[in-house]
Amino acid sequence: MTTDVHAHLLLPALHAEVERRVPDLVAEAADLERRRNGVESLQASGAMIAARIPKLTDVGARLGAMDAQGVDQQWVSVSPNHFYPWAPEGLAVWVAMETNRLVAAHVAEAPERLTGLGVVPLQHPERIVECLDDAILGRGLAGVEISSFAGDVELSDERLEPFWARAAQLGAVVFLHPFGCSLDERLDRFYLSNTVGQPTENAVALSHVIFSGVLDRHPDLKIVAAHGGGYLPIAIGRSDRAWQVRPEARRCEHAPSTYLRRLWFDTVVHDPVAIRHLVEVAGASQVVLGSDFPFDMGLDDPVALVRDADLPAELTDRILSGNAEALLATRVRA
C-alpha cells in the first residue's frame, strides 16, 4: 500500500470568507507575496494552479491521479497559503477549526485511501492545543501541518511547549511545511522564493527544534519534514561542529546529527542521490514517500524516484509504505 505523505488540498470558499472578513489584511498579505516572489513567478504560479484546480479540490480527480502515479494512499494537507500567519486570534482559531472540518470532509469521501492533516494557529501559541485537539479528537485527523515560523514565533519558542507535549501524547503527526521565506526580496526572481526559500526555511525550522532541545524534552514527537528537510541533512556536519565548539549552540543533549534519526523526511528532493543520502544520515526508517501533489514543483512520478535510488528492496518498501504506516500506528483516534 504505497503512501504519499505530502499532498495538498485547496479551499477556495474558506479563502473567500477570510477575504470577506478582513479584506485589508488579505491585501497586505498579497503585497508581501508579490515582494517575496516577484510578479513573474506569481503569474506563472497562478496559471499553474488554475490548471490543477480539479486535483486540488475534487476527490474523484485526486483518486484518478493517484491511480496514475501508483499511489494507494495519500495524507492530505491544505496548501500552505491557508496558514494565514498574520490572522488575529479570533480569525486564526476560526480558520484552523474550519480548515480541520473541511479537510475531514474531503478525506471522508474516500476514507480507505485518504488520511487528513489539520492546522493550528502557530502565531497564537496559547490557542494551539485546543485546535490540535479539535483536529485529532474532534475531526479524527492524523495530525497537523505547521509552517516554519509565524510572526515572532519560531519553533524553538518556549510558548510551544504545551503543543509539543500534547502532540506527543496524542501520537499526532506534525508535518513541517514552510510557507514563504523571510529572505523576502532577495529571492524575488528566477523562482528562488521556492527553489532556495523552501529548503532554507526547512533547515532553519528544524535547527530551532534540534538546538533548543525540543526533541530531548519530547522524545515521542513525530515531526515529518517536507522537501527532505531542506539543506539541513546535507550540511549537518556544520551544526555538529557548532555544538562542539560554541557554548550557545549546546542547548541540546547530543550532537545535532543524532536527532536526524528522530525526525522523518519526505522524498521531495528531486534526486535519487539525495534519497540515498537521507537514508544514510537519518536511517531507512525515517524516510517517507512524498510528492507535493499536485503542484509543478512536486514529483510527477514519486514512486519511480524512490526506485531510482537503487536501494535494497526492503528499504524501498519501507519508504514507499511501511514507514508511513508505522507513523500512524500509535496515533490516538477520535
Side-chain angles (χ1 to χ4, degrees), residues 80 83 85 120 122-126 128-129 132 143-169 172-184 186-187 196-266 268-269 274 277-283 285-288 327:
F83 287 156
V120 293
L122 190 63
Q123 70 271 35
H124 300 291
E126 68 280 1
I128 292 181
V129 170
L132 174 65
V144 292
E145 178 188 26
I146 65 170
S147 189
S148 52
F149 75 106
D152 68 344
V153 179
E154 300 284 357
L155 298 192
S156 56
D157 198 307
E158 293 180 357
R159 293 173 293 174
L160 294 180
E161 283 298 298
F163 166 63
W164 299 127
R166 185 60 169 161
Q169 183 183 36
V173 170
V174 179
F175 180 43
L176 172 59
H177 190 303
F179 177 63
C181 179
S182 56
L183 290 173
D184 292 341
R186 292 195 66 204
L187 305 181
V196 173
Q198 294 284 61
T200 297
E201 286 295 328
N202 276 112
V204 172
L206 290 174
S207 295
H208 273 275
V209 169
I210 290 170
F211 279 103
S212 65
V214 166
L215 298 174
D216 295 321
R217 295 186 295 276
H218 308 286
D220 294 328
L221 261 179
K222 297 188 290 191
I223 298 177
V224 178
H227 318 122
Y231 296 130
L232 187 65
I234 198 69
I236 194 65
R238 190 167 183 85
S239 295
D240 280 357
R241 178 62 179 176
W243 184 82
Q244 292 165 0
V245 303
R246 300 289 302 197
E248 72 272 30
R250 210 177 176 94
R251 306 290 175 84
C252 49
E253 293 180 5
H254 309 287
S257 60
T258 64
Y259 295 94
L260 298 185
R261 294 181 175 269
R262 292 164 58 180
L263 297 162
W264 284 260
F265 303 90
D266 79 8
V268 186
V269 293
H277 180 73
L278 280 174
V279 170
E280 181 179 352
V281 299
S285 64
Q286 307 305 112
V287 183
V288 288
L327 274 166

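Reckoned from all heavy atoms, side chains included, excluding hydrogens, waters and symmetry mates.
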Quick one: do Arg246 and Arg241 satisfy side-chain contact (heavy atoms from CB on, under 4.5 Å)? Show the steps, please.
-> CA-CA 8 Å; Arg246 300 289 302 197; Arg241 178 62 179 176; over 6 Å; no
Could you walk me through whether Phe83 and Glu145 pass side-chain contact (heavy atoms from CB on, under 4.5 Å), step by step?
-> CA-CA 9 Å; Phe83 287 156; Glu145 178 188 26; 3.6 Å; yes
For side-chain contact (heavy atoms from CB on, under 4.5 Å), just list the numbers for Trp164 and Leu221, CA-CA rounded to whole Å, side-chain angles, deciding distance to a tenth of an Å, and then say yes or no.
-> CA-CA 7 Å; Trp164 299 127; Leu221 261 179; 3.5 Å; yes
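Nearest approach of Pro125 to Leu160, heavy atoms of both residues: CB-CD2, 4.1 Å. Nearest heavy-atom pair across Pro178 and Gln198 is CB-OE1, 3.3 Å. Contact detail for Leu232 and Ser207: the closest heavy-atom pair is CD1-OG, 3.6 Å. Pairing each heavy atom of Leu132 with each of Ala172, the nearest pair is CD1-CB, 4.4 Å.
Counting heavy atoms from C-beta on, the side chains of Ile128 and Val144 never come closer than 4.5 Å. Using a 4.5 Å heavy-atom threshold, the side chains of Leu155 and Ile146 count as touching. Proximity of Arg186 to Cys181: side-chain heavy atoms (C-beta onward) are nowhere separated by under 4.5 Å.
Checked against salt bridge (charged side-chain N to carboxylate O under 4.0 Å, His left out), Asp220 has no partners two or more places apart in sequence or in another chain. A search for side chain to side chain contact (heavy atoms under 4.5 Å, CB included) contacts involving Arg250 returns Trp243, not counting sequence neighbours. Judged as a side-chain hydrogen bond (donor to acceptor under 3.5 Å, both in side chains), and not counting sequence neighbours, Ser239 has no contacts. Evaluation of the side chain to side chain contact (heavy atoms under 4.5 Å, CB included) rule for Val287 yields Thr267, Leu278, Val279, Ile319 as partners, not counting sequence neighbours. Taking the salt bridge (charged side-chain N to carboxylate O under 4.0 Å, His left out) definition, one finds that Arg166 meets it with Asp133, sequence neighbours left out. For Glu158, there are no side-chain hydrogen bond (donor to acceptor under 3.5 Å, both in side chains) partners, not counting sequence neighbours. Here His124 pairs with nothing under the side-chain hydrogen bond (donor to acceptor under 3.5 Å, both in side chains) rule; sequence neighbours left out. Residues that satisfy the side chain to side chain contact (heavy atoms under 4.5 Å, CB included) test with Gln286, not counting sequence neighbours, are Trp264, Ala282. Residues satisfying the side-chain hydrogen bond (donor to acceptor under 3.5 Å, both in side chains) test with Glu161, not counting sequence neighbours, are Arg217, His218. By the side chain to side chain contact (heavy atoms under 4.5 Å, CB included) test, Val281 pairs with Pro233, Leu260, His277, sequence neighbours left out.
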Side-chain donor/acceptor pairs under 3.5 Å, residues 252-259, sequence neighbours excluded:
from, atom 1, to, atom 2, distance (Å)
Ser257, OG, Asp240, OD1, 3.4
Ser257, OG, Asp240, OD2, 2.6
Thr258, OG1, Ala255, O, 2.7
Tyr259, OH, Asp216, OD1, 2.6
Tyr259, OH, Asp216, OD2, 3.1
Tyr259, OH, Glu253, N, 3.1
Tyr259, OH, His254, N, 3.0

Let me have the donor-acceptor pairs involving side chains of residues 199-206, under 3.5 Å, with sequence neighbours excluded, atom names and distances please.
from, atom 1, to, atom 2, distance (Å)
Thr200, OG1, Val196, O, 2.7
Glu201, OE1, Ser148, OG, 2.7
Glu201, OE2, Ser182, N, 3.1
Glu201, OE2, Ser182, OG, 3.4
Asn202, OD1, His227, ND1, 3.0
Asn202, ND2, Ala226, O, 3.2

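Taking a 6.0 Å sphere around CZ of Arg238, one finds it holds 12 or fewer heavy atoms contributed by other residues, nucleotides or ligands.
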